[in-house]
Amino acid sequence: MTERQSKSLTFISRRPPYGSDNALACLDLVLASAVFEQNVNYLFMGDGVFQLLKSQQSEGIESKNVMSLLLALPIYGVENVFVDDLSLHQRNLSLEDLAIKTTLLNSQQVRQLVLSADVVFNL
Amino acid sequence: MTERQSKSLTFISRRPPYGSDNALACLDLVLASAVFEQNVNYLFMGDGVFQLLKSQQSEGIESKNVMSLLLALPIYGVENVFVDDLSLHQRNLSLEDLAIKTTLLNSQQVRQLVLSADVVFNL
Amino acid sequence: MSHLHTLNNVELLQDCARFLSDGDALLLIEDGVYCVTQAELGQLPDSITVYCLQDDVDARGLGQLAQEHSQKIGFEGFVGLCCTHSKIINWF
Amino acid sequence: MSHLHTLNNVELLQDCARFLSDGDALLLIEDGVYCVTQAELGQLPDSITVYCLQDDVDARGLGQLAQEHSQKIGFEGFVGLCCTHSKIINWF
Amino acid sequence: MKFTIVVHSAPYSSEASRTALEFCKSVISEGHEIYRLFFFRDGVGNLNKLAVVAQDEQDIQCQWDKLITQNKLDAIACVTSALKRGVIDEKEAQRYEKPAFSLTKSASIGGLGQLVDAALKSDRLLNFG
Amino acid sequence: MKFTIVVHSAPYSSEASRTALEFCKSVISEGHEIYRLFFFRDGVGNLNKLAVVAQDEQDIQCQWDKLITQNKLDAIACVTSALKRGVIDEKEAQRYEKPAFSLTKSASIGGLGQLVDAALKSDRLLNFG
């Protein structure tokens with residue numbers, strides 16, 4: 001198992017975009033992984049779904065714009081971006097509220113995504 | 001109001017004893033205030049009531065024992081120690097589970113204690 | 001005199017609400033502005049004025065919701081609220 | 001192969017529980033050991049084994065409750081669980 | 001009015017130190033006085049002068065330093081918080097035989113008594129964490 | 001087995017860095033290998049050599065230093081995390097004209113690629129925060 005050439009890395013991003021550095025740390029790690037051309041999965045659940053909301057304007061708090069950074073994911077070859085349907089539902093949000101194109105997963109699919117990964121980063 | 005000689009300082013300790021430094025920071029601040037011979041009130045609510053539990057043995061995690069430090073409060077002249085009845089109730093705890101002698105306050109009394117203070121530290 | 005409460009974490013709203021009295025102000029800052037997505041915020045008595053820090057609302061894309069449930073203010077407004085209320089209780 | 005989940009915060013138990021499968025181990029560490037005071041912990045299927053880090057339980061005075069709801073282990077046991085499970089998911 | 005501001009959080013890992021910074025700027029621009037700035041717990045990281053911040057990020061430590069210097073503010077790093085986090089001044093570096101110091105010159109090291117004093121002598125006290 | 005351990009939290013403000021430290025000790029005493037220690041975000045504070053810890057408290061930075069040195073571990077401080085928190089090595093201090101450095105000699109500064117590399121090459125990866 002050691003030194004295996006390819007592994008699937010799954011990132012769970014569970015925190016909102018600006019209050020802490022969790023969201024940006026997770027994103028940095030996703031981008032670093034993409035460079036290694038691994039199988040990268042990026043899942044937003046819990047309050048992490050707030051990172052995907054439209055109309056984020058972060059100039060006022062002098063922070064990088066998480067939404068804009070996420071919009072650039074395809075440029076870095078990160079295509080497998082998922083959002084947990086239950087988390088959206090619990091926050092009265094739908095895909096129309098989101099700026100980022102993601103694949104909606106039901107609970108069973110979310111479970112499968114995480115359990116089938118070789119390594120899970122859970123931030 | 002400036003330069004008033006005596007003020008009442010109320011400390012709300014809302015976090016459990018060891019996972020973060022909130023509990024010890026609050027205690028240090030209470031002790032520092034006692035030196036100034038101010039009217040100090042020390043209220044435990046939320047998960048802060050876990051600081052009062054019997055049988056804490058913190059040698060294993062190489063931390064100061066919060067329960068033992070709280071037992072020494074009378075030595076430092078801190079006599080007004082209160083616990084929120086609702087927080088105990090929500091955690092299925094009663095005064096018998098506690099090592100620290102405190103005054104049980106109902107919600108109205110907790111409210112009064114905090115609202116009548118000149119300065120509130122809320123950790 | 002009435003009090004100003006600041007709050008930066010949705011999970012603290014319930015604890016904070018126990019201490020809100022007529023005439024008090026609740027200022028949502030940082031991740032506390034997500035309270036505008038919570039039903040509990042609407043259940044506060046009308047005698048409590050709810051404010052949101054504008055920059056934090058805008059960053060998070062919550063403008064619409066925040067407008068319905070609170071008044072947006074800047075840091076000058078924040079300082080003003082500190083002066084017009086006799087005491088500040090920070091929930092963090 | 002089954003997984004090891006570690007958890008250091010009671011509020012994350014619900015999220016974590018969505019990913020627990022037959023044969024998985026849940027190890028409560030730091031403030032996560034307060035989960036032994038929660039009804040939710042008892043509602044996990046029997047096929048999930050719940051462990052507590054001994055030092056964290058003892059520090060918090062939770063010995064009795066922890067004994068009823070979990071198995072106490074030390075750091076050597078923690079390392080052992082890492083080896084006998086194919087993957088570790090840390091909830092913090 | 002006299003304000004005292006207590007900062008409990010490190011820069012960058014939470015938004016709180018930035019909020020505190022902007023609040024302090026407005027306290028001054030609105031014509032009020034800052035009696036004391038007290039950096040407690042992880043908040044002492046805001047006074048670390050060795051920080052190197054990228055051009056596209058807000059340099060929080062530098063901004064605190066400017067605010068303190070330009071307005072001659074009384075800025076205190078809590079001694080028990082600062083020493084164990086490696087935020088030490090020249091005197092402490094000498095006393096404990098450390099090869100360097102890291103506390104910005106605009107701040108000084110002090111005890112919790114200075115926070116209690118500030119609580120008693122200020123009209124308003126705010127905590128950011 | 002090869003382990004990689006990622007530390008996300010500062011010492012003293014949370015219990016997590018101590019848990020990580022004790023876990024690492026047991027990994028070694030149980031005969032396993034530590035492929036890499038990676039200090040990320042506030043975790044870089046664990047590598048600050050300027051820390052001065054009171055006698056009645058556990059000196060976390062000193063214990064990490066000992067563990068790394070005695071076992072010749074590969075310990076990396078994430079560069080973007082470390083620089084903005086004032087945890088810098090001699091080279092960075094020179095480059096950015098800082099008067100001193102603070103990173104313990106037993107660790108080095110590196111990028112997130114080294115964490116991804118470790119995730120790929122280790123049998124087990126754990127995060128503490």
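Throughout, protein chains are lettered first and strands after them, A, B, ... in sequence-line order, and every chain is numbered starting at 1. Being a predicted model, the structure only gives us computed values, none of them experimental. Values below: all heavy atoms of this structure, side chains included; hydrogens, waters and symmetry mates excluded.
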(Q) Which atoms of E30(E) are under 4.5 Å from chain C, going by heavy atoms: the side chain, the backbone, both sets, or neither? (A) side chain
Q: Using a cut-off of under 4.5 Å on heavy-atom pairs, state which of S26(E), S29(E), S9(E) scores highest against chain C.
A: S26(E)
Q | From CG (L4(C)) to CG (L126(E)), nearest 0.5 Å | A | 7.5 Å
Q: Looking only at non-hydrogen atoms, find the nearest pair between N90(C) and N127(E) and report the distance.
A: OD1-N, 2.7 Å
Q.
Quick one, D55(C) with E22(E), criterion side-chain contact (heavy atoms from CB on, under 4.5 Å). Give me CA distance, side-chain angles, the key distance, then yes/no.
A. CA-CA 11 Å; D55(C) 291 341; E22(E) 294 303 318; over 6 Å; no
(Q) For N46(E), give me all partners under side-chain hydrogen bond (donor to acceptor under 3.5 Å, both in side chains), at least two apart in sequence or on another chain. (A) S17(E), W64(E)
Q | Enclosure of D56(E) CG (heavy-atom neighbours >12, cutoff 6.0 Å) | A | yes
Q. Does a sphere of radius 6.0 Å around CD in Q43(C) hold more than 12 heavy atoms from other residues, nucleotides or ligands, not counting ones at 6.0 Å or beyond?
A. yes
Q: With chain E as the partner chain, list the residues of residues 10-34 of chain C whose heavy atoms fall under 4.5 Å from it, by residue number, and write 'none' if nothing qualifies.
A: I29(C), E30(C)
**Q.** Close approach to chain E in residues 67-85 of chain C, criterion heavy atom under 4.5 Å
**A.** F75(C), E76(C), F78(C), V79(C), C82(C), C83(C), H85(C)
(Q) Taking A16(E)'s backbone N and O only, do any of them form a donor-acceptor pair with N8(C)'s side chain (distance below 3.5 Å, no angle check)? (A) no
Q: Can you tell me which residue pairs pass the ring pair (Phe, Tyr, Trp, His ring centres under 6.0 Å) test with a partner in residues 101-129 of chain E, sequence neighbours excluded?
A: F23(E)-F128(E)
Q. Can you check whether K87(C) reaches L125(E) side chain to side chain, under 4.5 Å on heavy atoms?
A. no
